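What follows is one structure encoded as structure tokens, with my remarks underneath.
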Amino acid sequence: MASQFGLLLRQWRQRAGLSQEALAQRAAVGIRTVRGLETGERTDPRMGTVRSLADALELTGAERTELFSAAGRDEPVAVEPVRFDPLHEAVETLKVAIEARWRREEEQRQIHDPVPLPVRWDAAPATLMDSWLNIGGEAALDGRLDQVVDVYRGVGSRRLVVLGRAGAGKTVLTTRFVLDLLGARNPADPVPVIFSLGSWHPERLGLRDWLADQLTRDHPFLAAPGPSGGTLAAALVDSQRVLPVLDGFDEIAAGLHRSALNALNATTLPLLLTSRVDEYRDAVEGTDVLTSAAAVVLADLACEDLADYLPRTTRKTGPGGNVWKPVLDEVRNGGPLAQVLTTPLMVALARRIYSDTPDHDPAELLTFGTAEEVERHLLGSFVPAVYGAEAERVRPWLGHLARHLTRLGTHDVAWWRFGSSSTVTGLAVGVAVGFADLVLETVLVGELGARGLLFAVMIGLATGLLFGVAHRLVVRRTPLEPVRTRLRLRGRAGKRVWSRGLLGLAFGGAVGAAYGLVRTMAFWLVTPGAVLTAGVLVDIGAFGLVFGLGAGLVFAVVAAMEAPLDVRSAGSPDGLRKANRRAVFGLMALMVPVFALFLTAVTGIVARVVTALWVEVLWSPVPALALGLVGGIGGGLAYVLSLTAWGQWVVFARVWLPLTGKLPWDLPAFLDDAYRRGVLRRAGAVYQFRHARLQDHLARLR
């Protein structure tokens with residue numbers, strides 16, 4: 001008796017118009033197998049046989065499932081092979097890093113201690129936003145802090161401008177926006193990344209390129225090659241897997257706001273942009289509104305908001321209960337305090353000074369007659385409240401830091417931009433090279449004489465002067481930044497290799513010529529009766545040629561071989577600096593042996609040529625190798641100190657500025673301590689003052 005499987009098989013075979021032989025041939029099974037299954041002689045077909053028969057009969061859907069069920073089998077679900085998507089992996093890694101970073105920042109700034117301040121907003125005037133037709137349909141724009149993602153998603157174009165006066169809570173809002181959007185866990189959402197716009201020069205670099213550069217700086221793993229050329233960072237920006245949260249449109253350099261708005265309008269990227277009201281209004285009046293963007297304006301804090309927040313920040317008691325009661329009563333009556341305590345910045349400063357600090361009574365705020373006096377008091381009392389007895393010692397350092405950033409026109413405390421003086425750089429190079437030469441000559445020659453001491457001083461002076469000039473020429477065109485490139489020999493990277501090679505040829509030749517001259521002069525000055533001969537010209541020419549060719553080769557190789565940053569340790573200012581230090585040491589390990597071997601080989605060739613054409617020159621490999629080591633180490637030190645970001649950090653942040661009393665000796669510890677105290681905040685690979693108002697206040701201190 002045929003089984004259910006056999007009956008189904010016969011039914012669908014006949015429907016397909018196939019004989020048993022034809023079905024067996026199409027399914028690549030034996031005719032006896034088909035016959036046995038249809039008659040019931042075989043009742044337990046193998047999975048492969050059932051699949052072959054179903055494929056031969058072209059069964060799909062319910063019929064295919066029914067055949068497998070009749071055979072007592074469940075067809076395995078076909079699983080597509082997993083394909084590695086580098087962009088997906090980059091997005092997931094970036095999400096984790098972004099969420100961890102800004103959650104720490106919220107905790108550091110006490111945003112939720114005890115509760116967030118109630119940041120609210122309303123729709124901006126129609127003159128500051130595009131038409132609803134371009135935005136994608138009208139939407140409700142009023143809201144509060146915990147609704148920021150919903151309001152943004154209600155904007156059809158996904159382009160939103162957040163306006164507010166200084167300290168109104170724009171940074172708090174962007175942080176909450178990033179964390180809430182990441183917390184939504186919607187795989188389709190791009191990764192929100194906060195970019196501080198103060199460092200963008202729209203006339204030098206396009207928005208997409210600048211975004212990719214900032215991503216690479218703060219997240220070095222995104223410098224890896226992308227799937228279609230370029231970097232992962234550029235691929236994420238171009239594919240809109242990154243949502244730019246552009247913080248501080250007003251912080252772009254003066255005169256560039258209109259250019260910046262034009263550049264933003266040239267893109268269709270979804271974004272969230274923050275700005276002070278006046279700067280944005282001026283840019284709009286000079287150009288146009290941000291295309292397809294809705295806009296909101298942050299509202300002032302109300303007295304009820306303060307009454308719900310300030311008493312909860314302390315258990316101190318005063319007249320009538322909580323110590324903040326007299327202040328709140330004054331705010332209700334209007335006056336200076338009612339004008340000042342309307343922004344999260346000023347409320348946060350007041351809380352830090354009076355709630356978090358023993359023996360500070362907020363009733364002191366009642367003694368000031370104007371709003372300006374209250375603001376100056378809060379800004380001026382913040383550092384003493386945070387540092388206590390140490391305030392007088394650290395205030396000059398913070399003041400220098402703030403003035404330095406103001407001169408640079410930025411809010412980013414970048415460790416690689418603490419100074420750029422060719423004079424100081426040349427002095428540092430001269431001292432380092434002279435000392436290194438003195439030590440190496442002593443070790444290799446075995447004794448220290450007057451000639452060796454004089455030679456070290458003279459070669460240090462010559463090298464310092466020449467590399468000071470080289471530093472000026474390089475930095476004038478392109479500021480030094482942390483090393484993070486791969487081996488690249490085409491395009492802009494190829495031009496950089498050639499330019500560095502030519503620079504090495506010119507200045508290496510000058511150093512070599514100076515070496516030959518100093519070598520002869522040192523001998524002449526310490527040797528009574530010595531006479532300068534034409535051999536001096538031979539020394540100058542020979543060493544100039546050899547050092548020039550060697551330095552040109554090394555400079556070009558180093559420019560092409562700058563090491564990538566270590567992904568695991570470059571997610572913070574300290575991590576980026578340490579990773580760059582490792583890269584620089586790697587470059588030194590490359591430079592010294594290459595230069596030493598090159599110098600040894602080429603001096604031998606030059607000695608033979610000069611001997612054959614003019615005068616006999618004594619040459620042996622050991623002294624030549626020693627000369628190569630001295631030149632390689634001295635040249636490597638000169639290169640690192642004058643032409644690398646980490647070298648400039650050492651010269652200025654670790655030596656010159658502490659030596660002149662402008663910054664402390666242990667600058668990394670000082671910056672980290674200021675961050676933990678809430679004076680600074682972290683923004684990727686840089687620090688910033690917790691607010692531009694605080695930086696401006698400290699910059700005016702003397």
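Numbers here are sequence positions counted from 1. These numbers were taken from a predicted model, which means no experiment stands behind them.
Using a cutoff of 4.0 Å between basic side-chain nitrogens and carboxylate oxygens, R165 and D300 are scored as salt-bridged. The residues R676 and D673 are annotated as salt-bridged, a charged nitrogen and a carboxylate oxygen being separated by less than 4.0 angstrom. Between R682 and D672 a salt bridge is recorded (basic side-chain N to carboxylate O distance below 4.0 Å). Ion pair D278/R281 flagged as a salt bridge, since at least one NZ, NE, NH1 or NH2 atom sits closer than 4.0 Å to an Asp/Glu carboxylate oxygen. Ion pair R120/D305 flagged as a salt bridge, since at least one NZ, NE, NH1 or NH2 atom sits closer than 4.0 Å to an Asp/Glu carboxylate oxygen. The pair D189-R153 counts as a salt bridge, with a side-chain nitrogen and a carboxylate oxygen less than 4.0 angstrom apart.
Note that the CD atom of Q214 and the CG atom of D412 stand 7.5 Å from one another [nearest 0.5 Å]. Between atom CZ of residue R403 and atom CG of residue L698 there is a gap of 9.0 Å, rounded to the nearest 0.5 Å. Between atom CG of residue L271 and atom CG of residue L207 there is a gap of 8.0 Å, rounded to the nearest 0.5 Å. E92 contributes atom CD, which lies 7.5 Å from atom CD of E89 (distance to the nearest 0.5 angstrom).
Among residues at least two apart or in separate chains, ring pair (Phe, Tyr, Trp, His ring centres under 6.0 Å) pairs with a member in residues 121-163 are Y152-F177.
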Take E99 and R103 through the salt bridge (charged side-chain N to carboxylate O under 4.0 Å, His left out) test and state the conclusion after the steps. CA-CA 6 Å; E99 184 171 14; R103 204 166 293 285; 3.0 Å; yes

Test salt bridge (charged side-chain N to carboxylate O under 4.0 Å, His left out) on D308 and R312 and set out the steps. CA-CA 7 Å; D308 185 56; R312 301 169 70 171; 3.6 Å; yes

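In R204, the CZ atom is not crowded: 12 or fewer heavy atoms of neighbouring residues, nucleotides or ligands sit closer than 6.0 Å.
Inspection of the T175 and E106 side chains reveals no N or O donor paired with an N or O acceptor under 3.5 Å. Looking at S292 and N134, their side chains never bring a donor and an acceptor atom within 3.5 Å of each other. Remark: the Y675 side chain and the E105 side chain contain an N/O donor-acceptor pair separated by less than 3.5 Å. With no hydrogens or angles considered, a side-chain donor-acceptor pair links S355 and T313 at under 3.5 Å.
Cation-pi check for R577 over W649 is met; the charged atom lies under 6.0 angstrom from the ring centroid and within 45 degrees of its normal.
When the options V161, L160, L163, V148 are evaluated for a side-chain contact (heavy atoms from CB on, under 4.5 Å) with V296, the one that passes is L160.
The shortest side-chain heavy-atom distance between H404 and L408 falls under the 4.5 Å cut-off. The closest side-chain heavy-atom distance from V284 to T127 is not below 4.5 Å. Residues Y687 and W415 have side chains not in contact (no heavy-atom distance under 4.5 Å, counting atoms from C-beta outward). Residues R654 and D666 meet the side-chain proximity criterion, which asks for heavy atoms closer than 4.5 Å. L301 has its side chain within reach of L117: a pair of non-hydrogen atoms, C-beta onward, lies under 4.5 Å apart. Taking the side chain as every heavy atom from C-beta outward, L298 and K170 approach each other to under 4.5 Å. Residues Y309 and P344 form no side-chain contact, since every pair of their non-hydrogen atoms from C-beta on lies 4.5 Å or further apart. Side chains of V686 and H411 form no contact here, defined as non-hydrogen atoms less than 4.5 Å apart.
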Distance-only check: which donor-acceptor pairs under 3.5 Å involve side-chain atoms of residues 243-252, not counting sequence neighbours?
from	atom 1	to	atom 2	distance (Å)
D247	OD1	T274	OG1	2.6
D250	OD1	R276	N	3.0

